[in-house]
Each structure stands twice: as C-alpha cells, then as structure tokens.
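Everything below concerns the one structure shown next.
All ligand and atom numbering here is 1-based and tracks the order in the structure. Values below: every heavy atom of this structure, side chains too, minus hydrogens, waters and symmetry copies.
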Amino acid sequence: MARDESTGDDSSCRDVHEPADKARQNAMQAMVLKKLRTALEWTELPDRQPGPREIRVKVGACGVCRTDLHVVDGELPNPHIPIIPGHEIVGRIDAIGAEVEGLLIGERVGIPWLGHTCGVCPYCIMHRENLCDRPIFTGFTCDGGYATSTIADARFAFPLGEIGSDVALAPLLCAGLIGWRSLVIAGDGKKLGLYGFGAAAHIMAQVAKWQGRSVFAFTRPGDVATQGFARSLGAEWAGGSDEMPPKPLDAAIIFATVGDLVPLALQAVRKGGRVVCAGIHMSDIPSFPYRILWEERELLSVANLTRQDGIDFLGFAPEIGIVTKTTSYPLKQANQALADLRAGRFDGAAVLVP
Ligand SMILES: [Zn+2]
Ligand SMILES: [Zn+2]
C-alpha cells in the first residue's frame, strides 16, 4: 500500500506482518485482527525503525472506539487485513526518523484516526483534509495502537504535554476529537441533545457545559444507570431515546450507530435546528415523513477529523478540566474490552494498557 501516492513513498505505513530481519532483534507485541469477524490474536512482531517523516511510539494507553468494532465486524469499506486496530493512542516517542521536525525522544504524543493525508487532492487543498481522497487511517488502513509500539507519520501526531495520565487522555484522541468536530458542526445553539451517551458524549457533555450550553442526554430506553451518569456530568435532562425532550432542541448530535434515531432527533429539534450524525457507520435510516425535516431543519454527517480539530480541541482540553471515565484492560484482554463495549457494560470509555 502506498502511503503517499504523490511522492511514491510507501515507507510510512508499517507492514509488520512481513518478515523484517533487520528489526528482529527488538520485538513488539500486538493484538492483531487476522480475519474479519474473528477474535484478535496476541502476536509478536518485529519492531521496525521509523522511516522518513515517521516516529516510533512506545504505547502507554490506547482507547477502544466503537469504530474498532466496525473494523472487526467488516462494516467499513476496503478493510486491510491483517491489521492492528486502535486509533486513540497515547505514548512516548522512542525513535525518530529523518525529516521529522519539532518532536523529541521521550515526548508524549497522541496519535489519532487520521494517520496521513495526500496533501494534493482537492479536499486537502481546500483545507478539508478530513475528506482526503487518499487518506490513511490509523488502526484501519495502517497499523494502530493495540500494541506495545507503533509507527506514525510525525506530521499527524499531537504533542500532549504532561498534564493527565495516558489512560485519561486516550479517549480524547477520537471520542474527544470527533465529538469536538461534531459539536462545532452542530452550531452555537444553547440547547443540545446527545443521542448515545458513551465515550464521545460523556466528554462533549462537559465541553458543552463549559461553553454554557444545556445538555439533554438520550440513552437506550430504560438505561437509568447511564441517564444518572449523564446527570452527574451536568446534563439538564436525561431520558430514553424514545422520549421527547422537555423543550425543543437547537441541535442534536447522534453518537449511537442506530439509524432509527435520525427521525427521532429531527422531531426533537426546533425549526431551523440541526441534527449531526457523528458515526462512521450507522444502521439504515428508516423512511420518515418530509414534514419532520421541513422548516429548514438540517441533517448532516461528520467524517474523520482535521489536524486543526486536534490542535483546537487538545489546546483547551486542559483548561476545561475534562474528566474521562475509563475502564482499563490489559492489552491482552482487547477482545474482552470490545465485547464489553458491544454489550454496553461500562460507562465512558475502555482503554487498553500494554
Ligand atoms: Zn488529500
Ligand atoms: Zn474512533
């Protein structure tokens, strides 16, 4: 696979599944998806040196995102198998390739879903690199962070500073960043609905409150525990997704991957209100009467992130004092973490620790 088709550079996306005799002396361990819809396998792989514009990062923590379930389930187009999932990586640089500027050995960085963009396609040129025609996505088309070590394009890594633990910061790298992009696209409305109160919503509820908004949290019907969790984070109201909020919303973000929520959210927003679908994958949206979209309600989706999203969000995240609720699992228990996420067995976010 070519990492950078504009230059013919294929060095950046590690292919650790091929023998690399030179690197054999240092092994790394990873949980590898070798076949779609099967359990990840604990695997020892060579720990290669970073190439030009790359860094090698010793993983301190890696968040478990719902997108990882979509990867394992084969729900995303053009899967790369075998693959090491994981795109909420926090770690420390332990090797630096040529042509890397501004990063130091030992520095703590975050590596997000957006692993690389081409820089030359129309979307990159118009500063919408989240829509790049030739992107590489960490943990999907390039090996990610369910590992003791990973290689990343240095230009797409975010310096994280020293405030907060690796585990606490990991969910910010996707749930936080994609959530932030969704929040910006939702507009400035004061009354904000969040459908699906998991990793992303529990962070965005804190951001929205800090911005002076009122949060209305929608969970699976009857999930009073998660509704209580939402209230504990400052939600003005929490209820089931089958309920209407006590007042019309200015905007709603759908973090759950359930297409049935789209018509419900459209009915919950006021005239001119906006509904943002934040996920990369969603079950089919049922047909609905035009009148619930009418009156200039808007329905949009969010795709990926730009580096500017990361700079913006991670820049003021310490100021907000975001508290992430995390459940840690040893790296070897990645399959259990994915199963628990699928079943909704924890509040907040799961994080793997090598
Ligand atoms: Zn591009
Ligand atoms: Zn994600």
Protein N, O or S atoms less than 2.8 Å from the Zn ion (ligand 2), ignoring waters?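 Metal shell, protein only: Cys65 SG, His87 NE2, Cys174 SG.
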Say you draw a straight line from OG1 of Thr326 to CG of Asp347; how long is it, rounded to the nearest 0.5 Å?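 Separation between the atoms: 12.0 Å.
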Quick one: are [X] and [Y] in side-chain contact, heavy atoms under 4.5 Å?
X      : Y      : answer
Val32  : Leu40  : no
Phe140 : His80  : no
Met28  : Thr150 : no

How many degrees, to 10°, between Cys132 SG and Cys121 SG as seen from the Zn ion (ligand 1)?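 My answer is 120°, to the nearest 10°.
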Opening angle at the Zn ion (ligand 1) [SG, Cys118; SG, Cys124; to 10 degrees]: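 Angle SG(Cys118)-the Zn ion (ligand 1)-SG(Cys124): 120°, rounded to 10°.
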Could you walk me through whether Phe218 and Trp237 pass ring pair (Phe, Tyr, Trp, His ring centres under 6.0 Å), step by step? CA-CA 9 Å; Phe218 298 82; Trp237 175 91; 5.1 Å; yes
Hey, is the main chain of Leu300 close enough, under 3.5 Å, to the side chain of Arg274 for a donor-acceptor pair?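 Looks like no, no N/O pair under 3.5 Å.
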Asp73 and salt bridge (Lys or Arg N to Asp or Glu O under 4.0 Å): which partner among Lys35, Arg66, Arg342?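 Among Lys35, Arg66, Arg342, the one meeting salt bridge (Lys or Arg N to Asp or Glu O under 4.0 Å) with Asp73 is Arg342.
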